[in-house]
Every structure is written in structure tokens, then in C-alpha cells.
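Chain identifiers are assigned alphabetically (A, B, ...) following the order of the sequence lines, protein sequences preceding nucleic acid strands; residue numbering begins at 1 within each chain. Heavy atoms only: backbone and side chains are in, while hydrogens, waters and symmetry mates are out.
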Amino acid sequence: MLLGTEKPNRRRVLRGIFNGAAVAVTLPFLDIFLDGNGTAMAATGKPLPMRFGTWFWGLGVDNNIFVPKTTGADYVLPKQLEALAAVRQHLNVYTNFNVFNDGRPNLCHYSGWVALRCGSAPTSRASKPGQSLDCAVSDRIGGGSRFSVLNIAATGKPRDSMSFRDADSMNPAEISPLELYQKVFGTDFVDPNSATFTPDPKVMIRKSVLSGVTEQSKALEQTLGAADRARLDQYYTSVRELENRLAMQLERPPAAPNCRVPGKPPKDIPIGLDVERVAERHKAMVDLMVMALSCNQTKVFNMVYSDSGSSLTRNGQEKTHHGYTHEEAMDSALGYQPNASWFVGRAMESWAYLIKAMADTPEGDGSLLDHSLLYAHSDCNLAKTHSVAGIPMFTAGKLNGRVKTGLHVDGKGEAGTRLGYTLQRLYDVPVASWGTQSMETSRELGEILT
Amino acid sequence: MFGRVARTRDRFAISFFGALAFSAGVAIQPAASQVPTGTIGLVITGWHHALHETDDPKNECSTGYTAGDYTNAEAQPDHAELRRKFGHPYSRGPNGELTNYSPMAVEDPIPPSELTTRTGYGLNLDGTADGKATPRTCAHAKFASPEGVQVDNQLARVVGCTKGWRKGGFSDAFYNEEIYTNPVNRILIEITGVDDERNDPQVEVAIYKGEDRLTRDPAGKYIPFLTQRIDARFPEYSTKLRGRIVDGVLITDPDPDATARLPIRWIAKVAERRIRDLQLRIPLAGSWPVAMLAGYEDNKIWWNSQKAHHIAMPAAQNSPPSQYRALMRYADGYPDPKTGQCTAISAAYRVETVRAFIAHPETPQQRTAAATMVHARCPCSDPAGLHGASAIPS
Amino acid sequence: MMAALGGLLFGCAADKAKVGAAAGPARTAVAEPAVPPAAPTMRLMTQSQYANTIADIFGTDIVAKVRFAPVNRTSGLVAIGAAKAGLTPGVLDPLDATARSMARQILDTRHRDIFVPCRPVDAATRDDACATAFLAGAGRRLYRRPMTQAELAGAVGQAGQAAERSGDFYAGLAFSLGGMLVSPQFLFITETAERSPGPTGVWGLDGYSKASRLSFLLWDSAPDEDLLKTAERGGLESPAALRRQVSRMMASPRFERGLRAFFSDYLDLESFDTLSKDGEIYPAFSIKVAQEAREQVLRTVVDHLIVRKGDYRDLFTTKHTFMSSDLGVIYNVPVNRGSQGWQPYDFGADDPRGGLLTSVAFLAQHSHPGRSSPTRRGRAMREILLCQNVPDPPPDVDFSTFEEPSAKMMTARERLSAHATVPTCRGCHALTDPMGLALENFDGAGQWRKAEHGMSIDPSGSLNKVAFKDPAGLGRAVRDEPALRTCIVNRLYGYSTGRAPTPGDAPLLKYLQSELDRRGYRIEDMLGSIILSRSYFAVAPADRPAVVAINSRGTGNSHAARN
């Protein structure tokens, strides 16, 4: 059975499993694993796992219909936030936070998001001055799930990933619902709710093979320069993650009472950047991602809804979203560009979909969203002028009660890294400060903390 | 060992290296200047009975939709007994005859709905204004087209109240999807000798069977200017006509010798059409011309193509006994000299086409090249801007 | 074969120049400058190198289906980014799954007897002798050098343990092979420097590293057995033997893959996998059209450079290309080949099409989803074809000038003319737009049009100081532009070495260009001149001061290292 084409041979299989000791555990059902309050795992007393997600949309907002007039709770929802009405209790909106380039060029549609992901403005389009913060959070909380980070691009383009260790080490994005399904729920998936658990004997062997790969390539290191040695180290780190994942597969997965394994692979969605198609792809991938979280397959994810400098199209119109931002006249009566703004509205609908999908997924005493924090932002404020002052940001979720929601927070022109720093602290990432030069901060956003 | 395998692979390595060298000498050149006259290529993408129909069939038919085979079967007094004896609902004849093969073995208990409208589409095939009998035709009632022209389309009286043949009906929809999916139904129209697409006193028109696929855009619209090759295996399916272009409309000359034999695959059965006195009227503007195609369908051949589909009869809501009788009653062409019974029936079809390059197998360079020529003269003729002009500047 | 490579290398002339002899009759002798040795590279395999390598070693029926993570294009090439690319878990993950799947296929009952040169004594347990025979052979091809003793012992040990645990010798081999297929020795093409023997020994690539460099350049794949054996014998040290190998490799059908890989990288054809157009505006531009547009470019390149032995520059004016029937729809030409075939096609002399710039691939790739873009096309010509840098738009541009308050601006020329009035825009748009506007007769999907929004299109333009009136004129101007030649030499050099050329490389690149200017830019001359240049294999060990040494053939000049 170990080779695909052969029929199982019972004697061989039994002998293979841990040298003869077959393990087949039948278990009763799952809620017994939670304590009486549903807030912690009964066996360990550990709190329910924390999750972290990011969400990105390109080309900013229109301030005069986006920024609420008052701060704090109970603000009146401006027009561009209307799509979020049903989930507003779950989210905070952050306005008037800045990205400072400190004399570095404002690389259109690049500087803004890179700075909010890694704390510093890039020096060129090839530059990423640090790792993205999802990596830092994942290093802290990602253990115990199969994938340290899952990346998704609703654009269907593999380069649309915002997760990186450095400029040359991207975490590639999954670009289709089908591929995401196969990655997460394909052959290596172990259903945490399965009544029986039989460790796969192949897993042990694979783990040992991977250790061997590391050992046998150590000699290579001696011939390499420092930069290449660092790349090899990164390779070893990746191998270790694979090994850890295999180690987990040898143990019964922890209970995941709300894990609902998708019954069949989703249909694939053809490539294309039409808003409707992107929304459809986004929805399908959100549905899978929510299940991946519920089923403990990952704790950290990044979603790109539209690319930075969005090239999304609206069927039949010559201009892309990006084209509209620059070429459409400001409607003086409305005070914004109606076509460009339409695209932003559609982005907000997809953002609302993600929040709602997580809020509607029960977990423990609340919802999946209650145990998560989502961080969303764009690449600029008003795309017409590539302004990185006032880049809009959101968070959603209470992160096990650590974060207040329902608020509008005015950054008063301070560095946008304050939010990134705060959320790293919320996940106990050991950083004393985050960012460089004017973007450096060691001050948490106290108003959102409970 | 790996060396051995690799070397073996070398021999089989996919490469068009050799193929390129081999074929490099036979490149097609468009060479517009070599072709003195223009050509318009069309491929048929849709084929419907030319019916004047509204959403409510009662507007055109005496009693709405005609009752189908099954409904008539149930209404037969001996229905239960026949069913018990022969086991098939359409074994309606006294000896279990299937209605589509033996339509005269039984009469429908429910009178068929008859076309009552006087308005219809078609072409004037017999040349008369009143449909009186001529040596080549039987007396019949003509339709008046919405423009007031007296036209012949007796087949409309046979199928016009049958749900399956009306707009979006089962037979209509099924056949039109088969035109897309099955190259048997690939019918090409080539108009040559075109000096001016608006007005040209003499052009030649040819019909061929093609062999290639059609392509559609995501919205389901046919993509123009795909190359369609003539299927050289079936020269019998080609027909030649002459005609003229008047104000952008192609009109072919009446020609008693013009008989079109066309292949047809309809509801998974392959059959044939035979249309005599074929005439075409095609407004040429744009990339998706809709043609009127008319002529006399041979009764027997037409019925043969119908009767193979008894399985589809309930879906199409045909009832063969009435339909066959209607066919014989309304037939208006080619009277049998002995009996006087007309052996063919006037028919008109609304035929959707899309522009295409038509490739002739025998002289591909020259003939295919011709197709680019005329198109270069009609820039911006289609609203989608799909093809305003050819690659060749005019 | 050698006759076919008669033009390769003014090799003889270069040899003579080295020893100071007079060069060929038609040239003035200019000594080839040596360049300072660079550090050896460690390149992550590309997706096509990976697939080709597997196909060459194990045959095409072993399915190596995997999508590699995108690599940063660096200095215009993914090949250079690959020398810096890391392997994050997200990248390694699919490689691991594919490695296991391939190993299972290679050792399944259909294939094992082809690849395993022996039968185990007992197929239900380990057999180290037989495992050694298989793994050493596979490892040599996969690692592109003999495995070290430690590597082999480790792999055989893995196979043995896995065989014992699974009760299946072949399963054991599959596990061990799966490990090799995901190992850094396989996935990273790692160059090794060695010093030639003797007290005056100089640093250069070792024989196996040379073999890999040649093979990935010319075949986009790992070395074959012949090349490995030649390397093993030290057969790549002499220029004559090197030339023999290069000739052999260029005569192989695999050379076509090498050429395709280079042009895919150079012309940035990767994006065609996800290139889409607005379905309503360009309904005929399907996914199939996008893929065939890319294929058309590659077929044209291969035909022009290999079959016709044409000059690279003429790719921008050639009337020869290939058509599929779906592409025929976009080009509005007949294609007599049914739905799958390709047909050679020549544009007429008076046809505005001809050359890569008027290919649907170039036109559609450098456009918006719903309309053309003279600026994008101009920028692509500058950056991709001429290796020039067009700066980003300034972020604080006042866009009010470009707003379209009315429908008055029908054509792109009118819309873009506004940029000339804004000083911050004028500089860059003057670089891109006069080139791009010459292609405005082709819409965003690459279809011919005479007018935009009813207004006749003026396709005149200029490149540097050369004015032209139509796309054909643009093609000729690009063909004759000196930067085109500098750029292709630069990119080929960077592609083959995996590093961006440095100022230290400049004298050599200049020299190569002057040689090619005389001989013409045929592919074998371009590649041959680079491969047979004396410094091509010169490397110094990483992180050590560049020790003297320029070339491994003993004629280096000592001051070159300081140049």
C-alpha cells in the first residue's frame, strides 16, 4: 500500500505500523474535550487557540464617505462603510494613521502596504525591509496546526502574496479554491472528528527521511557564502516545519467540534479579474479558510482580495479600478469618483463576508471570530494621488476578549505601525518596538485593549 | 541505466524542431493583392423554423399548443389495452404500430391545433401572389410577411403550433445546441465575387459542409473569424447559387436546379435534408448576419429525419399522426404527376450565422486568403468592436 | 554537426587572440578582456528546469506536476532572482508532495524494472547492495555529480530502514528517492569553486559545476550522462573539448527548450498563465488565446533563431510566424489547421504586422484588461528589450489634468498628450509614449483597428531620435537601436551566470558585443561567445578575497582582477 499501485497487504501493513503495534483508537464524541464553560480545553486547561488573519484590498478609500464623523463607539456609519453594517459590532475602523517614507521614495501602490506589513518603508520595489508581521505572529502561535501560514489571492495570481520572510522569500499564495481545498483537505488531511484514529505508518518513515535530508546536506554548508548559508538555513527551517507537521499526524488531532470538512472539492473558477469573478473566488476561498481554521489546519492566514494598485475590472468597461482612480473626474456634488468608489464598495462587501463567515462559525462559548483578530488595510488612502497619509485600516474580532470592538479610532496622524505593534503584542510576540525611523513605535493602542 | 533511459527519451523527445524545418516552406501568405475579388464567409450557428410567434400560442394557433403523442395516446379509448399488449405508450396502432413509423395507422383523438395567423415569414418561392396551383406547385394559402410581402412557408403550418419547434422549445433548443457541439451540423456559406458589400449586381454563393468547431465567448456569443475548413469528404453537400447584393442584403436568384443536400444531426440522430429551389436572403452587415433560407423540403426526407426521434416526441410534443397528415395536406411543391399529391413542402428558416474564414482544401493559400479582403472594407461594422477591420490595411 | 556550428565562436580567433597571435583576416585583433571572478551561485531550480530534469532522467510518463512559487525578477530575469530565492514552508510544501508522488511512480510495478538495475534478494525487506546501485545512479543524475560517500550511505540507510518498516524493498527506495528529490542538493543548483593544481593554480568552477551551467543554459535541464562523463574526465577544461560539447548540445533537440526558457524569462512570459481580458470588450480573447499567443512567440523565436539561423535583431521585423486557429481570430486571418494545429504564416509585405512588437502576446500583455496602453508598451520596450529603466510615476502627481470631464479625448494620443503639459510627467512619458503610440492600431487584445472611438489613429512615433510613421517603422527602429544589442548580450550573460553583470563585467560585455556586431547576432554566436569567453567559468570561493586568477586555462592576466 505504500506504493500507490499496489494493493494493501494486511500482513505487511500491520508489520509496518510501529513495528507491529497497530494503533486504532475509537473515541467517543467531541464536546467532552471542552470544559464546562466552553472556553478552554478540558484536558489541558489551555485557552482556545488564538487565530490571526490579514486581509488586503487595493486602492484605498474616499475619506469623505469613509471616515466616521465621531470617534469611539456608536459612530454613524458613513456611506462607504455601509456594507459593513451587519458586522460593525465586530470591527474597529482606524483612520488618520500615516505611513512615513522618511525620505525614501513613495513607491506608488508599494510603499504603503509594505510599511504596514513589516514596519518600514521600502527603499525600492525589490526591497522588503523585514519580515511580514504574520510570520512573527505565526512563529508565536502557529505551532500545533498543519500549516504555519496559509495565503490566498482572490485575484488568482500567485504573485499576490503579502507574506514574506524577506524580499526573496515569499510565502506563495493559493490562487484557486480547488488548489486550496486540495492543499488543506486533500490526501494528508486527518479529520479531527473521525471516530477512529489510525496513525499512518508512512508518516513516521517520511519524518525520518526528512531528518536524513537535513543531515546529508550539511556538508553543503561549508562551501557556501554567508548569504547562501542563510538561504540553506531557511530551507532547513522549512523542512523542520514539514517534520513538525508529520509529528502531529502521528498523534490524534485535538478535538475540533465545529470542524465541518467540506464534502467535495469546490468547482474551479476561471482566471480573470472581473469584480464578480473575484468576489466569487474570494467567497469560495473564505468558506474553505474558515473550515481550515475550525479544523485546526492553520492559525494564521493572509488574504489578498485585490492586488495593490487594483487591476480589477467591471465587466464591459475599458478602465480598471486603477484606471478610474486616476482618470475619473471627482463628482463635485458627491465629492468622490463614483466609478472608482464603486469598486471600494465591492471590496467592503467581500471584507464583510469574511467577518460574517467567521462570526457565524460557532466555537466554544462564542464564535471563531471571537478567538481571532483580523487585520485589514489598503495600500493608500486616496488612490487618485497615491496618498499614504491616512491609509485605512481595520481590525475585526475580540481575540479571546483581549480587544474591544465597535470603535472608530483616530490615529491623529501617528504612525500606522502602532496598530501592527499592538497586535503583535496581543499575540505575545516578543518585540520591544516595531518599525524604523518615523515608523518606529513601542506604544500600544490603549483604546482598543480591554 | 539513467543514461540509457535518457538517450531513449532523446529519440522520443517532443520537438517541432524537425517539424518546423519541414513545414517552413509552405507558409500561407495573405497576399491580399493577389486576390482580385472579395469573399464573405459565414458559418451557420443557429437554425429555427421561421415562425411568426408571440409568447401566447393562442395568438397564432386555434387551440394553443397542439396535443402531443402521449396526450393523444392517453385519450385513445383502447389506450390501456394497447399499453398492456405492446408495452409502449406510442404503440398506438391496432397492431402496436409506433406512431412515428406508421402515422397513418391511427388517427389522433384530439384535433390538432392549427395555425390561424395570416402573418408569417418566408420567401416567395412559387412566384405567385395568391398561391394558386402552377405546374410546379399545389394551391396553398400564402402568409403575408410583416412588410406585406406574400411568402410561402407551408411547413410553418405543420410545426407552428408544436411546442417543441417554437422559440426555445425542446426540438429547437436541442438542435441549436447540437449545431455548436457537433461538426456534422457545420454548414458554411461562401459568397464570392463581391466587389462591393453594399451593392453588387452579381455574386456567387456556395454552401459547403464544414468540419471544424465553433467557439463562443463567455457570454455564449459566437466568435467571428474563426477559420472553417470545408469537409472535403462530402462534395455532395455543396450547392452553388447566384445572386446579387442590394443595399447590403444578399438575395439569391430563384433557381429550379438549386437543390441543397445538407447533413443534419438532430437529437443524436444523423440524417439529411434536401431543399429544392433554395433561396437565401442575408442582410450582411455586422459579424453575425441572420439569414432567411427557404426552399421546398422533400416530404419523405423531412419525415425521415423526424421519425427517428420517437423517444423525443413527448419532450417535443409532436403527435405524428396529425403531423404527418398535416405535412401531406399542406405540401405545396412538386406535385406527383400521377396523383397530384405534392411531394415537397415550402419551408423557411431563420438561420443565424457568424462570419468566418472558409478554407478550401485544394488551394488553401489562395482561397483562404480571399476571406480577409472584403472584411477589410467594413471597419467598425460590429458594435462589440470585435473586428472592425482585418490585419490588412485598406 | 560541426558544419552547422561553423559560425560558433570565432572560437579559433579567440584562441589566437589569447596567445597574442594575429586574429582572423577580417578583424583587428582586440584581446578579450578578462573579468574579475564572481562568487559561485546557488540557484533555486525553476519550474521548467525541474520538469525537464525529471523528464530527461525518468521519462515523460513520470508526472512532475507542481507549480513553483513565483521568484523575484531581479535585474530583469527570474534566473538572477533564483540565485537569491529562499524556500519558505509554503514553497517547500508542494515540492515535497510532488517528490513523493514521483518517487512512487518511478518505483511502481510498471517502472521499477526500467530504473532499478538489479533485483533485491527479498523484495519484502532491505537489500543494501541493490539499493546502492539504484540510488547512486539516480543521485548522480539528480545531484549532477557523483554522490559523496556520506550522502550515499545516508540514502541507502534511509532506504533500508524504510524497507524494513514497510516490508517492501521498493517502498524503501521510494522513500529515500523522495528525500533526494526534495533535498537542497537537487533543488539548488550549487556551483563549486576549485583551484587548479600546481603552485600557480587559479580558481574556477569545478567540472561538474561547468557541466550544470552549460546544461541549464542550453537545455534548461540537468546534464546528461555524456556531459557528466566529460566533466568527470576533466574534458571541459580544454577549449576544443568544450566547443565539442557545446556543439553537441546545440545540435540536440533539447536546445530548443533552452532557448524557450531563456526567452520566456527575458520576455517575461510567465504572466500569460494569468493574463485575462475583459470578456465583454474582448470576447475573443480566451485563456486559450493567451496561451497560444505565448506559444506563438516562442515558436517564432525558435524558428527564427534555430531553424532559419536568423539574426536576433530581425525578430523585430520578421514577417514569418505561426498561427493557430484561435489566434487567427485575433489576427483576423484564416488558419487552415483545425482546433489544435499550428501553421506557418507569413505576413504580407504591406501588412502592418511583423516582428515581436506586433505579436498579440506583446500587445496584449502590455495593455490593460479593457484597453491598450501606449505607456505600458513603451515601458516594456524600454525595460525588457532595451534594458533601460523607466522611473515610476511620481506619487504626488496632480491627476486633475488627466481627468476626462467629457468624452472629448477619443484616442490614447489625445489622452496622453496632457502629460506633456505637466513637467513631472513629461520626462518619463517622453521615454515611453512615442514608442507605444506607434502600436495604437492594435487594441488591448492585440487586434487591428483603424480608429479608436471613431477617431482615426495616428501611429507615428519615435525612438530616441529616429522617427517613424507606423508599427513597421517602430520595428525597424528597435531592430537598429544599439541598446537592443547591449541588452541581449547583457541578459544572456546574466541568465547564464545567475548574477547581474557588474561594472567589472563591462569590458567583457563590450568586447562580446563588438564581436557580435561584426558577426551578427545569431544564437550560436551569441551563446558561443559567452560560453567560450575565457572568464566564463572564473569564480572565486564565496566570502574569500578574489584570488588572482582569471581563467582556468592558464592565460589570465593578473591585472584583470583589479579592473
Side-chain angles (χ1 to χ4, degrees), chain A residues 2-5 12 15-16 106-108 126 148-149 151 156-159 165 167-172 201 205 208-210 212-213 215-217 219-220 223-226 228 231-232 234-235 238-239 241-242 270-273 311 313 315-320 323 326-329 384-386, chain C residues 39 42 67 69-70 72 74 81 84-92 96 104 107-110 148 150-151 154-155 158 161-162 165-168 170-171 174-176 178-179 182-185 190 192 274 276 278-281 287 368-371 392-393 395-396 399 402-405 542-543:
Chain A
L2 294 154
L3 291 177
T5 54
R12 186 182 290 172
R15 197 176 55 170
N106 180 7
L107 304 158
C108 307
S148 58
V149 181
N151 287 288
K157 298 198 168 196
R159 282 190 186 270
R165 287 289 178 185
D168 291 302
S169 305
M170 301 289 295
N171 279 309
I205 305 177
S208 132
V209 166
L210 286 175
V213 165
E215 273 165 39
Q216 286 153 41
S217 60
L220 193 59
T223 66
L224 302 177
D228 290 341
R231 291 165 69 208
L232 195 61
Q234 188 183 51
Y235 167 89
S238 300
V239 170
E241 183 180 321
L242 278 183
I271 63 165
L273 290 169
S311 41
T313 60
N315 203 7
Q317 298 189 6
E318 275 189 8
K319 289 184 204 122
T320 60
H326 291 317
E327 293 178 8
E328 187 181 17
K384 186 179 179 64
T385 57
H386 297 130
Chain C
M42 181 172 100
R67 200 186 67 237
N72 255 352
T74 307
K84 294 161 76 182
L87 264 169
T88 56
V91 181
L92 190 62
D96 176 57
R104 279 199 301 271
L107 289 150
D108 68 18
T109 48
R110 284 192 305 134
T148 64
E151 284 169 342
Q158 292 285 354
Q161 277 180 18
R165 280 178 172 170
S166 60
D168 181 340
Y170 292 103
F175 277 112
S176 189
V182 76
S183 68
Q185 293 98 315
T190 306
T192 310
T274 52
S276 63
D278 185 287
E280 228 170 83
I281 298 174
I287 294 167
H368 298 291
R371 75 175 181 196
D392 274 352
D396 53 351
F399 280 93
F402 314 115
E403 283 173 1
E404 292 167 273
D543 301 340

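Interface remark: A/Glu215 contributes no atoms to any contact with chain C (heavy atom separation under 4.5 Å). Both the backbone and the side chain of A/Gln234 come within contact range of chain C, with heavy atoms under 4.5 Å apart. For A/Val149, no part lies near chain C; criterion is any non-hydrogen pair under 4.5 Å. In this structure, chain C has heavy atoms under 4.5 Å from both the backbone and the side chain of A/Ala167. With a 4.5 Å cut-off on non-hydrogen atoms, C/Asp96 touches chain A through its side chain but not through its backbone. With a 4.5 Å cut-off on non-hydrogen atoms, C/Ser183 touches chain A through its backbone and its side chain both.
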Step-by-step side chain to side chain contact (heavy atoms under 4.5 Å, CB included) determination, A/Ser208 to C/Gln158:
CA-CA 8 Å; A/Ser208 132; C/Gln158 292 285 354; 3.4 Å; yes
Show your working on side chain to side chain contact (heavy atoms under 4.5 Å, CB included) between C/Ser176 and A/Val209 and close with a plain yes or no.
CA-CA 7 Å; C/Ser176 189; A/Val209 166; 5.8 Å; no
Residue pair C/Met42, A/Leu224: steps toward the side chain to side chain contact (heavy atoms under 4.5 Å, CB included) verdict:
CA-CA 8 Å; C/Met42 181 172 100; A/Leu224 302 177; 3.7 Å; yes
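Annotation: side chain of A/Pro158 is in contact with side chain of C/Arg67 (closest heavy-atom distance under 4.5 Å). Counting only heavy atoms from C-beta outward, the side chains of A/Pro172 and C/Val91 approach each other to under 4.5 Å. Between C/Pro89 and A/Val239 the shortest side-chain heavy-atom distance does not fall below 4.5 Å.
In this structure, A/Ser217 contributes its side chain and C/Pro184 its backbone to no donor-acceptor pair below 3.5 Å. Side-chain atoms of C/Arg371 never come within 3.5 Å of backbone atoms of A/Lys319 as a donor-acceptor pair (strictly under, hydrogens ignored). Using modelled atom types, no side-chain atom of A/Thr313 and backbone atom of C/Asp278 make a donor-acceptor pair closer than 3.5 Å.
Summarising the geometry of C/Ala162 relative to A/Ile205, their closest heavy-atom pair is CB-CG2, 3.4 Å, with the distance given to 0.1 Å. Heavy atoms only, all atoms of each residue included: A/Arg159 and C/Pro70 are closest at CG-CB, 3.4 Å.
Atom OG1 of residue C/Thr74 and atom CG of residue A/Asp168 lie 5.5 Å apart, to the nearest 0.5 angstrom. With values rounded to the nearest 0.5 angstrom, C/Ile281 atom CD1 is found 8.0 Å from A/Gln317 atom CD. To the nearest 0.5 Å, atoms OG1 (C/Thr274) and CD1 (A/Ile271) are separated by 6.5 Å.
Heavy-atom pairs under 4.5 Å with chain A peak, among C/Gln185, C/His368, C/Lys84, C/Gln161, at C/Lys84. When each of C/Gly154, C/Gly90, C/Ala85 is checked for heavy-atom pairs under 4.5 Å with chain A, C/Ala85 comes out on top. In terms of heavy-atom pairs under 4.5 Å with chain C, the best-connected choice from A/Leu232, A/Asp228, A/Leu107, A/Leu210 is A/Asp228.
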